[in-house]
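The sequence lines fix the lettering, A, B, ..., with proteins before strands; numbering per chain opens at 1.
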Number of protein chains: 2
Amino acid sequence: MGKGEHTRQAILDEAFSLASCVGVSGLSIGILAERTKMSKSGLFAHFGSKEELQLAVLREAQQRFAEVVLRPAFRQPRGLGRLRAVVVNWLDWTREANLPGGCVINAAAAEFDDQPGPLRDEVRRGLTALRRALVETVAKAVEAGELRAETDTEQFAFEMEGIYQVTQQSRRLLNDPDADRRALVAFDRLVRDYAVPTEKE
Amino acid sequence: MGKGEHTRQAILDEAFSLASCVGVSGLSIGILAERTKMSKSGLFAHFGSKEELQLAVLREAQQRFAEVVLRPAFRQPRGLGRLRAVVVNWLDWTREANLPGGCVINAAAAEFDDQPGPLRDEVRRGLTALRRALVETVAKAVEAGELRAETDTEQFAFEMEGIYQVTQQSRRLLNDPDADRRALVAFDRLVRDYAVPTEKE
DNA sequence: GAATTTATAGAACGATCGTTCGTTTATGTC
DNA sequence: GACATAAACGAACGATCGTTCTATAAATTC
């Protein structure tokens, strides 16, 4: 059981970075076969259907995200430090993972948000998991006494995602060189507003 | 020169709402002909190429956005009131315009952000114009003395866009019923942080 | 109402799509 | 090394894609 898995992963790698550019629904088996120097049918056999290939790409994206963004950040002790590590890793995970064309999951979210089916379900699953991870990380910062006890953790995570999305768009489409800086400014403002009050001035 | 323009607009209307669901690159002349009860070639003749049709859809989107979001808001006197009107109109412009599948422009931004060509240029043009309109509206609120003089207007607009994007995603994909409320919470926090200080408490 | 321009239809093109099938080549096992 | 299994190929399928061409129908102009 060695060879099969190996080439399957190679295909998936290529599909992953291709999807980053043309979107998950823009994937084409013909083009993918060309890039991997395989026959269409040989490649196809690894997945059984195009949809299954697309699903595999989405799952791959989630897994890499967890590896590249969440896992390293979670080595930090819980609290604002960890939260900030998530943000920093998140902001350039498209560089870290092989994503020449930007975040696959967010692109897929826009593609499938109103097309019912397994693909949308998978995207939803991924983004829900992300949201939950963010909420938890924020909650840990509350527990650690670094954010106010009455912090609305869902609201906090919601706003973090907004910062991420606009940063991606500004950087990629508008070529805004200040995007990352602005993202951190926004994040710091978010933290400041929910931080425990220190002393009056 | 009556009939031609009329059917062209009818096609565009259909293409607009279709693109809202399947994306601008997901548009198909065959399906569009079916929906408008025209022949493929008859429909095609109005645009000359698929790309021209897609461009027309993007321009249509920009125009409707200006009509539905910006124009009504600009009837308010300049300042925070107008700014808030922009946000409110913006948040549900997908309901106001015929956009069953969400904001065409933002979806297109994710589709084309790394595919050079006229389509990406058009998306960029639209989003740049939007950004500029936002910055100006914020600047007017500064002039009106409602936001601090040292307000970073670009930063403000940047964060507004983030709020919009995450709201769309939360509402559409995650079916979050609180999305709109959270958007307003985030916006109010934004305003509060940049508002002119009233009195110490 | 005839003439002329404009709009639409119909059929066909080559290309590509995802998928199926039968065959051949490579791999792993005894 | 023979055998069984798995992996990859090549050719072809029907469907759909965007596009082109020619002919008919409708609208506009005189």
Got a list of side-chain donor-acceptor pairs under 3.5 Å for residues 37-48 of chain B, not counting sequence neighbours?
residue: B/S39; atom: OG; partner: B/G42; partner atom: N; Å: 3.0
residue: B/H46; atom: NE2; partner: B/T7; partner atom: OG1; Å: 3.3

Any residue meeting salt bridge (Lys or Arg N to Asp or Glu O under 4.0 Å) with A/R192, in chain and number order, not counting sequence neighbours: none
With B/R75 via salt bridge (Lys or Arg N to Asp or Glu O under 4.0 Å) - residues at least two apart: none
Listed partners of B/Y164 passing ring-ring contact (aromatic ring centres under 6.0 Å, His included), at least two apart: B/W90
Ion pair check, B/D152 and A/R189, cut-off under 4.0 Å: no
d(NZ, B/K50; P, D/dT19) in whole Å: 8 Å
Those residues of residues 8-20 of chain B lying under 4.0 Å from DNA chain C by at least one heavy atom: none
Contact residues, residues 36-44 of chain A to DNA chain C [heavy atom, < 4.0 Å]: A/K40, A/S41, A/F44
A/D176 with A/R181: basic N within carboxylate O range, under 4.0 Å: no
Pairing of A/E136 and A/R132 as salt bridge, 4.0 angstrom limit: no
Those residues that, when tested against B/Y194, pass ring-ring contact (aromatic ring centres under 6.0 Å, His included) (two or more places apart): B/F156
Spacing of B/D13 atom CG and B/T36 atom OG1 [to the nearest 0.5 Å]: 11.0 Å
Which residues share a salt bridge (Lys or Arg N to Asp or Glu O under 4.0 Å) with B/R71, sequence neighbours left out: none
Rounded distance in Å - CZ (B/F47) to P (C/dA7): 12 Å
Distance below 4.0 Å between B/H46 side-chain N/O and C/dT8 OP1 or OP2: yes
DNA chain D contacts among residues 25-35 of chain B, heavy-atom distance under 4.0 Å: B/L27, B/S28, B/I29, B/G30, B/I31
OP1 or OP2 of D/dA7 under 4.0 Å from side-chain N/O of A/K3: no
Distance (rounded to the nearest 0.5 Å) between A/E60 CD and A/L12 CG: 4.5 Å
Sequence neighbours left out, cut at 3.5 Å: what donor-acceptor pairs do the side chains of residues 112-119 of chain A make with other protein atoms?
residue: A/D113; atom: OD2; partner: B/R172; partner atom: NE; Å: 2.8
residue: A/D114; atom: OD2; partner: B/R172; partner atom: NH2; Å: 3.2
residue: A/Q115; atom: NE2; partner: A/E111; partner atom: O; Å: 3.2

Neighbours of DNA chain D within residues 107-123 of chain B, by heavy-atom distance under 4.0 Å: none
Please output the side-chain donor-acceptor pairs of residues 140-147 of chain A that fall under 3.5 Å, not counting sequence neighbours, one pair per line with the distance.
residue: A/E143; atom: OE1; partner: A/R78; partner atom: NH1; Å: 2.9
residue: A/E146; atom: OE1; partner: A/L80; partner atom: N; Å: 2.7

